[in-house]
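Presented below is the structure to which this report refers.
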Amino acid sequence: MSEKELRKSMAVFPIGTVMKLTDLTARQIRYYETKDLVYPERTEGNQRMYSLNDVDRFLEIKDWLQAGYSMVEIQEMYQEEQTEEVIHWENHDLSDHDVRRLFYDELLSESRLGQGNPFQR
DNA sequence: ATTCTAACA
DNA sequence: TGTTAGTA
């Protein structure tokens, strides 16, 4: 991972700052966390700390919501992302060639599903 | 002053 | 989702 990406994933702002940056209420910000849309870190005092990537994600969520998607649909979009990451980690010991093949198979099964994808509304 | 969890006239 | 109570 590049240094830029690392910085973007550093948890540095408290919920109050995220509220100002996203125009979301603290309630919504915490609610989306229960939907596994973000995983903020916690300080010793149990206070949530968000990263630049988290802020971006909240803004994205707002866009999907305004576009008419439901919470569950949005939840599923990111759920697939997470699944890919998990596969990536679990196969950390596999060769680059094997990983590429796994992704290729993934893409194939997706195109077979064709129209049924949540991104085409 | 801020944030957190839990709960609901 | 809002809001409020009692904390840390």
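These figures come from a predicted structure and were not determined experimentally. Below, chain A is the first sequence line, B the second, and so on; all start at residue 1.
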Comparing A:Leu65 with A:Gly45, nearest DNA chain C nucleotide closer to 5' gives the residue A:Leu65
Taking every heavy atom of A:Ala26 against every heavy atom of A:Met19, the minimum-distance pair comes out as N-CE, 3.7 Å
Minimal heavy-atom distance between A:Lys62 and A:Thr22, with the atoms involved, is NZ-O, 2.9 Å
Give a yes or no on this: more than 12 heavy atoms of other residues, nucleotides or ligands lie within 6.0 Å of atom CD of A:Glu3.
no
The nucleotide from C:dT1, C:dG2, B:dC4 with an atom nearest the side chain of A:Tyr32 is C:dT1
CG (A:Leu24) and CD1 (A:Ile15) are apart, to the nearest 0.5 Å, by 9.5 Å
If I take atom [atom1] in residue [X] and atom [atom2] in nucleotide [N], what distance separates them, rounded to the nearest angstrom?
X: A:Tyr50; N: B:dT3; atom1: OH; atom2: C1'; answer: 10 Å
X: A:Lys62; N: C:dT1; atom1: NZ; atom2: P; answer: 11 Å
X: A:Glu44; N: C:dA8; atom1: CD; atom2: C1'; answer: 13 Å
X: A:Asp23; N: C:dG2; atom1: CG; atom2: P; answer: 12 Å
X: A:Arg30; N: B:dT2; atom1: CZ; atom2: P; answer: 14 Å
X: A:Ile15; N: C:dA8; atom1: CD1; atom2: C1'; answer: 15 Å
X: A:Gln47; N: C:dA8; atom1: CD; atom2: P; answer: 13 Å
X: A:Ile29; N: B:dT2; atom1: CD1; atom2: C1'; answer: 13 Å

Q) At under 4.0 Å, does any side-chain N or O of A:Gln28 touch on OP1 or OP2 of C:dT1? A) yes
**Message:** Taking 4.0 Å as the cut-off, does a side-chain nitrogen or oxygen of A:Thr25 come that near to OP1 or OP2 on C:dT1?
**Reply:** no
With both pairing distances under 3.5 angstrom for Watson-Crick or G-U wobble, and | for a partner in another strand, the correct string for DNA chain B is .|.|||||.
- Query: So, are A:Arg42 and A:Glu33 salt-bridged, with charged N and O less than 4.0 Å apart?
  - Reply: yes
### Query
Are the charged groups of A:Lys35 and A:Glu76 less than 4.0 angstrom apart, N to O?
no
Closest to the 5' end of DNA chain B, once A:Met49 and A:Arg27 are matched to their nearest nucleotides, is A:Met49
* Will you find, in the side chains of A:Glu60 and A:Tyr78, an N or O donor that is under 3.5 Å from an N or O acceptor? -> yes
Which part of the nucleic acid, if any, lies within reach of A:Gly16 when heavy atoms closer than 4.0 Å are counted: base, sugar-phosphate only, or nothing? sugar-phosphate
